[in-house]
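Each remark here refers to the structure printed beneath this line.
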Amino acid sequence: MAIPDRTDERLRALNVAEGQRKAQALFAETTRRELTAAGRSEYEATDRIGDLAREL
């Protein structure tokens, strides 16, 4: 079994941190734009959130 390279571990940690940052930004913008407002269907909200994620 290969020993993990410390550089690989650091890169993975940076990628996780970046993913978390992007998720937080998406959640904040979803809330700001009220994409999950009452009366909106789950499918409509999902489509709009997907569009926003691609936009960001």
Side-chain angles (χ1 to χ4, degrees):
M1 182 165 49
I3 298 172
D5 184 328
R6 296 238 186 244
T7 303
D8 290 342
E9 290 176 7
R10 289 184 184 127
L11 183 57
R12 279 193 295 273
L14 287 172
N15 286 333
V16 168
E18 179 66 6
Q20 288 173 331
R21 185 197 63 75
K22 287 179 179 181
Q24 289 170 336
L26 178 61
F27 183 80
E29 191 62 18
T30 296
T31 302
R32 189 185 75 73
R33 294 186 188 193
E34 299 179 346
L35 298 183
T36 57
R40 196 164 277 148
S41 75
E42 181 179 343
Y43 296 108
E44 181 182 0
T46 299
D47 286 346
R48 289 181 177 207
I49 292 168
D51 292 342
L52 176 59
R54 284 182 286 284
E55 177 186 322
L56 295 178

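To the nearest 0.5 angstrom, E9 atom CD is 5.5 Å from R6 atom CZ.
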Under 3.5 Å, side-chain donor or acceptor atoms of residues 47-56 against the rest of the protein: list the pairs with distances, not counting sequence neighbours.
| residue | atom | partner | partner atom | Å |
| --- | --- | --- | --- | --- |
| R48 | NE | E44 | OE2 | 3.4 |
| R48 | NH2 | E44 | OE2 | 3.0 |
| D51 | OD1 | R54 | NH2 | 2.8 |
| R54 | NH1 | G50 | O | 3.4 |
| E55 | OE2 | R33 | NH2 | 3.1 |

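Q20 is linked by a side-chain contact (heavy atoms from CB on, under 4.5 Å) to V16, counting only residues two or more places apart in sequence or in another chain.
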